[in-house]
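So that the names make sense, note that chain A is the first sequence line, chain B the second, and so on, each numbered from 1.
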2 protein chains.
Amino acid sequence: MNNATHQGIRDAIRTRIVSGEWKLGDLIPGEVDFAAHYGCSRTTVNRALQALAEEGIVERKRKGGTRVRPMPAPQAQFRIPIVREQVESLGHAYATKVLKREIELPPLSLRSDMQLPAGTQCAYLESIHLADDQPFAFERRWVNLATVPSFVDANLHELSANEWLVKTVPFSRGDVSLSGTSADNQLAEMLQIQNGAALFTMDRTTWFEDRSVTRMTLFYRQGYRLSFEI
Amino acid sequence: MNNATHQGIRDAIRTRIVSGEWKLGDLIPGEVDFAAHYGCSRTTVNRALQALAEEGIVERKRKGGTRVRPMPAPQAQFRIPIVREQVESLGHAYATKVLKREIELPPLSLRSDMQLPAGTQCAYLESIHLADDQPFAFERRWVNLATVPSFVDANLHELSANEWLVKTVPFSRGDVSLSGTSADNQLAEMLQIQNGAALFTMDRTTWFEDRSVTRMTLFYRQGYRLSFEI
DNA sequence: TTCATGATTATGTATGCACATATTATGAAA
DNA sequence: TTTCATAATATGTGCATACATAATCATGAA
């Protein structure tokens, strides 16, 4: 067997596992066995099995050997899209408008969510995202001015607040939570929907090196779905 | 520098990138430079940079070198939890009850979603998931009996339908979509909430080698949030 | 017999080297 | 100027080797 790249071997072993050659929880052959079988070195098999472990297909333990995961973990990986991209990928023209932009002291709940010292100034924004001039999503956002002081001068006509922050503070971490929300009066008006309609909602707090950057809540128009593969 | 493992170097380089030492899109030093700097072999640096590329932090091209991703893609990876685990991780006792179990011809919309040939028999289930005897989620599920004929004999007292299917048809792919739904009469009654309440909803179609396995819709109780990090 | 303790060994992990491959740069010939 | 071949260079890959670790086995004392 000459196409013995670690990729090829990884695929081969994955196929054998998926096809049911070994049951869930079964011990699969050791690295030396695979190496002999595929005519390559143990190192190459190692890389393949490591990758399979990262994929969540197998579990490995020293001396214990490698076994098929008893209960394979369905791991979803998806890119949280920027609103502009969502709209444009649906074939609509994107636009956004800042409806409100103030400097305020944040409410108490936000102080704990964003770990803000007392007295920290924040920018508060409300924006609407439009697809072909129809409301697509409504956004409420707080920006920690202690972390991003230059935000007060940000020009949000070209870029949305989100895009501006991603460019300015790249590689931040974030906590995301998804939920369903009933539209209150303001949301109903903004999104031009009925009061009480069920909206898909994304909350996101972003961190840069232990300091909070921004917290936003995005209310998608009625019927919006976030789709991805696992 | 002696802790020059590929892990350590990966972390070190990631830190330098995150700290802004190079801007978005910038070319970062080559493998040999890093190897000299960290006092290790190029192989070790190569593994570190490859890992960083998989993380989505850098882009690599032969001869072109390695550069910081121009617009870092915030990729969320999370494990879609089994309802039992969600409930138990909240410290509640889990239970599930099948309320309805029938063999039926699926509706037309499902035939296209699950790519079912005309006349394919399906099992239809309605189940309630309980946390400490309180409703936690309501599930509607169709199972393609052409793919999983043994499901008709499945004992769903020990395992939920989902767990039974995961054990029986492991390593399946899935399309997931998340949305917000207004509770209809049945949902309101099942989850003991008000008619019209906003519910976080997960639709999932599962495939095994081009054949659909199951399609389910899970309506979570009011206030449920799916949280994860990016 | 039971238990603790250390040796053994199968297995997992990391690294340096040599070579492979892809892309760009260079420059000579048409 | 265009075209083509060749060199230069950065990353990709496999292998041999050395090292780390944990389950097991052997040993001996209580």
Can you tell me if the side-chain N/O atoms of B:Asn46 get under 4.0 Å from OP1 or OP2 in D:dT11?
-> no
Between P of D:dA20 and NZ of A:Lys63, the distance in whole Å | 19 Å
Please say which of B:Leu110, B:Leu116, B:Val213 ends up in a side-chain contact (heavy atoms from CB on, under 4.5 Å) with B:Asn144.
-> B:Leu116
For the residue pair B:Tyr220 and B:Phe136, does the interplanar ring angle fall in the parallel (under 30°), tilted (30 to 60°) or perpendicular (over 60°) class?
-> perpendicular
Could you check how far CG of A:Asp33 sits from P of C:dA10, rounded to whole Å?
-> 12 Å
Please state whether the rings of A:Tyr124 and A:Trp142 are parallel, tilted or perpendicular, taking 30° and 60° as the class boundaries.
-> tilted
Distance-only donor-acceptor test (3.5 Å): side chain A:Arg42, base D:dG14 | no
Look at B:Gln50 and D:dT13 and indicate whether a side-chain polar atom (N or O) is within less than 4.0 Å of OP1 or OP2.
-> yes
Looking only at N and O atoms, is any donor in the side chain of A:Thr44 or the base of D:dG14 less than 3.5 Å from an acceptor on the other one?
-> no
So does B:Ser41 reach the base of C:dC17 with its side chain, donor to acceptor, closer than 3.5 Å?
-> no
For D:dT11, take OP1 and OP2 only and decide whether either is under 4.0 Å from a side-chain N or O of B:Thr66.
-> yes
Under 3.5 Å, is there an N or O donor on one side and an acceptor on the other linking the side chain of B:Arg62 and the base of C:dT21?
-> yes
Who are the side chain to side chain donor-acceptor pair (under 3.5 Å) partners of A:Thr206, not counting sequence neighbours?
-> none
